[in-house]
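One structure below.
Every chain is numbered from 1, with letters handed out A, B, ... down the list of sequences. Every heavy atom of this structure was used, including side-chain atoms; hydrogens, water molecules and symmetry mates were not.
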Amino acid sequence: MRPLHHPDEATLVSYSAGALPTAFAVLVSAHLGICRHCREQLLDADRTGGMLMQQREPAPLSAGARDRMLARLGETRPDPPPLHRVPVVADPDCLPAPLQPYFGATYGDLRWRMIAPGVHRILADGVTGGTLMLLRIAPGRRVPMHGHAANELTLVLQGAYDDALGHFAPGDVADLDDEIEHQPVTAPGVPCICAAATDAPLRFSGRFARLLQPLIRF
Amino acid sequence: MIDTDQATSKVTPLGAARRLSPPSPHVAADARYWSEQMAAVASRRDRDGFMRIYDHFAPRLQRYLLGLGVAQASAEELVQEAMLRVWRRADLFDPARASLATWLFRIARNLYIDTIRSEPNWMPVQDGLEWLDSEAASDPASDAEAFVDHAGLKQAIDELPAAQARLIRMSYFEAKAHREIAAELNMPLGTVKSSLRRAFGKLQAGMRRTR
């Protein structure tokens, strides 16, 4: 999988700075797992962070800090658990690893809720930074023209959609803000499953849900 | 391919102005010096080398974490934890992929994020090695550290227009989200993002300038 649509560099800078709200950071992590281009971009952003950190004026540490550091060098403790790596050939039924804590491991086990005809959704629990959700839109569905009042990041997981920005297939990210208006149409064939993050309040949560708002009793 | 085109188009218009001020070669020498200290730590558990790293970086990491709003005592604990990871995982440090400053920044940033994210589902991001692509040898590594011009990056940071420098500072030094920056500066969200994007383009061009 080689994505053609990536998060905005501003979003990667924010990720690098530790400034991205959780819902967005989870989506960006999922994209990074499959996108070498963005991993290189992120490394450049981290290089910037490293340079900025190194240029800063040193802050004094408390008197015993250096001795405490020295004392800990002989410490033996078990290594932290091995890093979680996304397998190169992932099981097609598996969600990207960063999404699994919020939605479960497999597509087969997802418990969709219908929020409008042809539209299903699952909201992630316990996310305090932004709103994180999965959306499943029936194939060949046209979403009327609309804009955004907030940041919205969408990662296509299955199926595809088209809008004025192009064709969005699995792995692609749409990084939209308040200056973009568009009209997505899901591709025919299979439903389009997306993960979406927004920093708008839930009742105005993004382009699909916003459109459907009159239909949904929040 | 897209990357190369973008990099080239970003280098050209900025190249002329950059030639006016002299480069600062000591920055590159710094990166090499710290890599050598790390090599000594990795190969023979060199405590003196490690403490030289500590003496230089710990107070700077402390400043970074204090700036992000971490309390003094917690910041010191995080600094010690970050430095301990450097000590324990020195063999994993690869100077061909990143400088020590970059690696330490990742470690400290990840520790900071794990500290502030109290959400039960947040998956701790560990020690910052996860995206280093060390096995991906098939590509002629366009992100390799050898191609990074640290003096060029430093200069590009110094030369950012004030408005862009401010957004970079608010991101890296205060961990402010786009939306918070937009609200604080009374600026449209899209403008915050496009300014950050332009600033980052300049920093990348600085990193890749020809010597």
Check the pair A/L43 / B/R106 against side-chain contact (heavy atoms from CB on, under 4.5 Å), numbers first and verdict last.
CA-CA 9 Å; A/L43 183 51; B/R106 282 192 169 195; 3.5 Å; yes

Atom of [X], atom of [Y] and distance for their closest heavy-atom approach:
| X | Y | value |
| --- | --- | --- |
| B/K193 | A/L176 | NZ-O, 3.9 Å |
| B/A175 | A/A19 | C-CB, 3.4 Å |
| B/S171 | A/A17 | O-CB, 3.3 Å |
| B/Q62 | A/L61 | OE1-CD2, 3.5 Å |

Going by heavy atoms in the side chains, are [X] and [Y] under 4.5 Å from each other?
| X | Y | result |
| --- | --- | --- |
| A/S16 | B/R109 | yes |
| B/R60 | A/Q55 | no |
| A/R68 | B/E76 | yes |
| B/V79 | A/M69 | no |
| B/L203 | A/D44 | no |
| B/F105 | A/M51 | no |
| B/R45 | A/L73 | no |
| B/H178 | A/D177 | no |

Given side-chain contact (heavy atoms from CB on, under 4.5 Å), test A/V13 with B/Y172 step by step and report yes or no.
CA-CA 8 Å; A/V13 163; B/Y172 279 100; 3.8 Å; yes

Report the option among [options] that has the most heavy-atom pairs separated by less than 4.5 Å from atoms of chain B.
| options | answer |
| --- | --- |
| A/S62, A/P60, A/S14 | A/S62 |
| A/A59, A/G50, A/A10 | A/A59 |
| A/P21, A/A124, A/A45 | A/A45 |

Could you give the distance from [atom1] ([X]) to [atom2] ([Y]), rounded to the nearest 0.5 Å?
| X | Y | atom1 | atom2 | answer |
| --- | --- | --- | --- | --- |
| A/E40 | B/Q204 | CD | CD | 10.0 Å |
| A/D46 | B/I107 | CG | CD1 | 11.0 Å |
| B/I157 | A/T48 | CD1 | OG1 | 6.0 Å |
| A/E152 | B/L189 | CD | CG | 12.0 Å |

Could you look at A/L12 and say if it's the side chain, the backbone, both or neither that has a heavy atom under 4.5 Å from chain B?
neither

Contact origin within A/D8 toward chain B - heavy atom pairs under 4.5 Å
side chain

Go through [options] and name the one with the most non-hydrogen pairs under 4.5 angstrom from chain A.
| options | result |
| --- | --- |
| B/T102, B/L61, B/L196 | B/T102 |
| B/A177, B/G67, B/A108 | B/A177 |
| B/F57, B/Y54, B/Y64 | B/Y54 |
| B/S99, B/A182, B/A101 | B/A101 |
| B/E180, B/M170, B/M51 | B/M51 |
| B/P59, B/S195, B/A58 | B/P59 |

Neighbour count >12 (heavy atoms, 6.0 Å) for atom CZ, B/R166
no

Residue pairs, two or more places apart or on separate chains, that pass ring pair (Phe, Tyr, Trp, His ring centres under 6.0 Å) and touch residues 66-87 of chain B
B/F50-B/W87

Contact part of B/M83 toward chain A, heavy-atom cut-off under 4.5 Å: side chain, backbone, both or neither?
both

Looking at A/E9 and B/R198, is there a salt bridge between them, counting it only when a charged N and a carboxylate O are closer than 4.0 Å?
no

Please test A/Q54 against B/H56 for side-chain contact (heavy atoms from CB on, under 4.5 Å), starting from the C-alpha separation and ending with a verdict.
CA-CA 9 Å; A/Q54 203 177 355; B/H56 179 75; 3.4 Å; yes

Lys NZ or Arg CZ of A/R56 over B/F173 ring: under 6.0 Å, within 45°:
yes

